Amino acid sequence: MRIAITGTTGRVGRALADHFSAAGHEVIELPRSVCDLAEPGCAAVLEDLDFEVLLNPAGLTSLEQCEDQPGLAQQVNATAPGELAKICRKRGKKLLHFSTDYVFDGVAPGLRREEDPPSPLSVYGRTKEQGERAVVAEGGTVMRVSWVFGPEKPAFPDQILAKALRGEELSAIADKFSLPAYTPDIAAWTEGLLKADMPGGIFHGCNSGPVTSWHGIALEITEFLHKRTGQPQAEVRKLSLAEMPAFRAVRPRHTAMATDKLETVLGKAPRDWREAVRQHLEACLLSR
Ligand SMILES: NC(=O)C1=CN([C@@H]2O[C@H](COP(=O)(O)OP(=O)(O)OC[C@H]3O[C@@H](n4cnc5c(N)ncnc54)[C@H](OP(=O)(O)O)[C@@H]3O)[C@@H](O)[C@H]2O)C=CC1
Ligand SMILES: Cc1cn([C@H]2C[C@H](O)[C@@H](COP(=O)(O)OP(=O)(O)O[C@H]3O[C@@H](C)C(=O)[C@@H](O)[C@H]3O)O2)c(=O)[nH]c1=O
C-alpha cells in the first residue's frame, strides 16, 4: 500500500514511517519542507500525489507556543487538517488524523469516552478539537492519543531516566492523571485501523493499566532501575501543577481515555503502559 505520512520528523510520524516501511509498505514522507501546514493551501500537494492513505500526525504540539501564536495553531491544528481531509474525500483516499486527550477539560476523574463532549481549556486543545471535527465531517478517522513516548524523540520518561542515571534529584507532577501511549503501539493500532479500512469517526488510543500521574510514571522508572541495577530506589518528589510556572497554558487534570472502541477493531486491548515503559527503558539502556 502507498502510505503518505506528515510529521515524520516528529515522534509519532517517525514511528509510523518506520513501522509501515518495515511492514513492506511504500511510505511517502511529507515533512514540513514538502507540506508546510502553516501555509494556507498546503494540502494541494495531495492533488497529484499517488497514495492510498494519508496519516496526519503533524501538529503544533507545544501548548505554550499555541497560546503565544493562536493564529498559527488554528492554521496548523485545525484549518490544514480540514483541507487535507477535503482532498482525501474528493480523491477517495483514506485519512487518519491524530488528536489529543487535551480536548477534554478533565474536571471529573474517570475514563473519557469518545462520545463525551469535548471542552478544551487551551488554545492547543481548542484548535485540535476543531481539527478533529473538520476531519470527521469529511469522513476521516481520528485517533486521540495521550502522553506519547517512544524511541524516536525524548519525552518525559526519558528525562526522568537520564536524571536518575546521573543521580540527580527527581521530581514529577502528581496531581494530573492520564494514560501514556507508546509510539510502537500507536503504530500497531494504526495498522489495525487500516486493516479495518479506516472506519471513520473518533478512536481513543492509549495503553491500558491503572490511570497514573507523571509522578506514577517516574516511580515505575525508578523501580525498574532499582530492580535492574540493585541500586537503592531513588526518591521522586511530588510536584503540583501549580508549581510549574513554565506551564502557562492550562492543562486538564483527568484525561485518561477508555479504549473499548479501539479494542473492538483490534480484537484485543492495548497492553499495559507499565509493560510498554519497561520495554522502552530496556531499549534505552541497551543503546547507551
Ligand atoms: N506528544 C504527545 O504527548 C501527544 C501528541 N498528540 C498529538 O499527536 C500528534 C503527534 O505528536 P508528536 O509526534 O508527539 O509531536 P512532535 O512534536 O514530536 O512532532 C510534531 C510534528 O509536526 C510537524 N509540524 C509542526 N508544524 C508543522 C507545520 N507547520 N507543517 C508541517 N509539519 C509541522 C513537526 O515538524 P518539524 O520537525 O518541522 O517541526 C513534527 O514532525 C500531534 O498531532 C499531537 O497533537 C496528542 C497527545 C499527546
Ligand atoms: C510532566 C512534567 C513535565 N515537565 C516538563 C517537561 C517538558 O519540557 C514540559 C512539558 O511536558 P510534557 O510535554 O510532558 O507535557 P505537556 O505539554 O502537558 O504534554 C502534552 O503534549 C501534548 C502535545 C498533548 O497532547 C498531551 O497529551 C501531553 O502529552 O514540562 C517537568 O519538568 N516535570 C514534569 O513532571
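We count ligands from 1, going down the list as the structure has it; atoms in each ligand are counted the same way. In this text, all values refer to a predicted model and were calculated from it rather than measured experimentally.
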Ligand 1 contacted by Leu60 (non-hydrogen, < 4.0 Å): no
Glu64, CD: over 12 other non-hydrogen atoms inside 6.0 angstrom: yes
Minimum non-hydrogen distance to atom 20 (C) of ligand 1, winning option of Gly205, Gly59, Gly7: Gly59
Atom indices of ligand 1 within 4.0 angstrom of Ala38 heavy atoms, with elements: 29 (N)
Test item: side-chain donor near acceptor, Ser122 and Glu67, under 3.5 Å: no
cation_pi(Arg126, Tyr124) dist<6.0 Å, angle<=45: no
Ligand-residue contact atoms, ligand 2 with Thr61, heavy atoms, under 4.0 Å: 23 (C)
Gly10 neighbourhood, listing ligand 1 atoms whose heavy-atom distance to it stays under 4.0 Å: 13 (O), 18 (O), 19 (O), 40 (C), 41 (O)
No-hydrogen, no-angle side-chain donor-acceptor test under 3.5 Å, Arg271 and Gln279: yes
Ile173: numbered ligand 2 atoms lying under 4.0 Å from its heavy atoms: 34 (C), 35 (O)
Test of ring centre spacing under 6.0 Å for Trp273 and Trp147: no
Shortest protein heavy-atom distance from atom 8 (O) of ligand 1, along with the residue and atom involved: Val145 CG2, 3.8 Å
Closest to atom 18 (O) of ligand 2 among Tyr102, Phe98, Phe156 (heavy-atom distance): Tyr102
Option nearest atom 5 (C) of ligand 1 (shortest heavy-atom distance, choices Val148, Thr255, Thr183): Val148
For atom 28 (C) of ligand 1, the option (of Asp36, Asp101, Val103) bearing the nearest heavy atom: Asp36
Check: Ser208/Asp272 side-chain N/O donor and acceptor closer than 3.5 Å: no
Nearest neighbour in protein (non-hydrogen) for atom 30 (N) of ligand 1: Leu37 N, 2.8 Å
Atom indices of ligand 1 within 4.0 angstrom of Trp147 heavy atoms, with elements: 3 (O), 48 (C)
Proximity of Gln159 to ligand 2 by residue part, where a heavy atom lies under 4.0 Å: side chain
Thr9: numbered ligand 1 atoms lying under 4.0 Å from its heavy atoms: 34 (C), 35 (O), 36 (P), 37 (O), 38 (O), 40 (C), 41 (O)
Numbered atoms and elements of ligand 2 in range of Ala172, under 4.0 angstrom, heavy atoms: 35 (O)
Centroid-centroid under 6.0 Å between Phe149 and Phe156 rings: no
Proximal candidate to atom 27 (O) of ligand 2 [heavy atom criterion; set Leu239, Val145, Asp101, Leu170]: Asp101
Phe177 and His254 aromatic ring geometry - parallel, tilted or perpendicular at 30°/60° bounds: parallel
Minimum non-hydrogen distance to atom 15 (O) of ligand 1, winning option of Asn77, Leu63, Thr61: Thr61
Check ion pair Lys268-Glu263 (N to O, under 4.0 angstrom): no
Residue portion contacting ligand 2 (non-hydrogen atoms closer than 4.0 Å) for Leu63: side chain
Cation-aromatic face contact Lys93/Phe51, 6.0 Å, 45 degrees: yes
Heavy-atom nearest neighbour of atom 16 (P) of ligand 2 within options Lys238, Arg144, Arg251, Met244: Arg251
Gln233 versus Thr222, side-chain donor and acceptor atoms under 3.5 Å: yes
Short N or O distance, Arg32 and ligand 1, threshold 3.5 Å exclusive: yes
For atom 32 (N) of ligand 1, the protein heavy atom that lies nearest, with its residue and separation: Ala58 CB, 3.8 Å
Contact summary for Glu114 and Ala258, nearest pair of heavy atoms: OE2-O, 4.0 Å
Interfacing atoms of ligand 1 (cut-off 4.0 Å, heavy-atom, Cys35): 30 (N), 31 (C)
Polar side chain donor-acceptor pair, Asp158 to His280, under 3.5 angstrom: yes
Asp101/Arg112 salt bridge by N-O under 4.0 Å criterion: no
Ser99 near ligand 1 by a heavy-atom separation under 4.0 Å: yes
Protein non-hydrogen atom below 4.0 angstrom of atom 35 (O) of ligand 2 present: yes
Gap separating the CG atom of Asn207 from the OG atom of Ser146, nearest 0.5 angstrom: 8.5 Å
Residue among Asn56, Thr6, Thr141 satisfying side chain to side chain donor-acceptor pair (under 3.5 Å) with His97: Asn56
Structural part of Lys128 in contact with ligand 1, heavy atom criterion under 4.0 angstrom: side chain
Winner among Trp147, Phe247, Tyr124, Trp214 once heavy atoms are compared against atom 24 (C) of ligand 2: Tyr124
Residue pair Phe98 / Lys128: nearest heavy atoms and the distance that separates them: O-NZ, 2.9 Å
Residue Lys153 vicinity, atoms of ligand 1 by number, heavy atom under 4.0 Å: 16 (P), 17 (O), 18 (O)
Whether Tyr124 lies under 4.0 Å from ligand 1, heavy atom: yes
Heavy-atom proximity to atom 42 (C) of ligand 1, best of Cys42, Pro57, Gly131: Pro57
Shortest protein heavy-atom distance from atom 13 (O) of ligand 1, along with the residue and atom involved: Val12 N, 2.8 Å
Atom indices of ligand 1 within 4.0 angstrom of Val76 heavy atoms, with elements: 29 (N)
Non-hydrogen atom of Thr6 closer than 4.0 Å to ligand 1: no
Side-chain donor or acceptor of Arg91 paired with backbone N/O of Leu46 under 3.5 Å: yes
Protein heavy-atom partner closest to atom 14 (O) of ligand 1 - residue, atom, separation in Å: Arg11 NH1, 3.3 Å
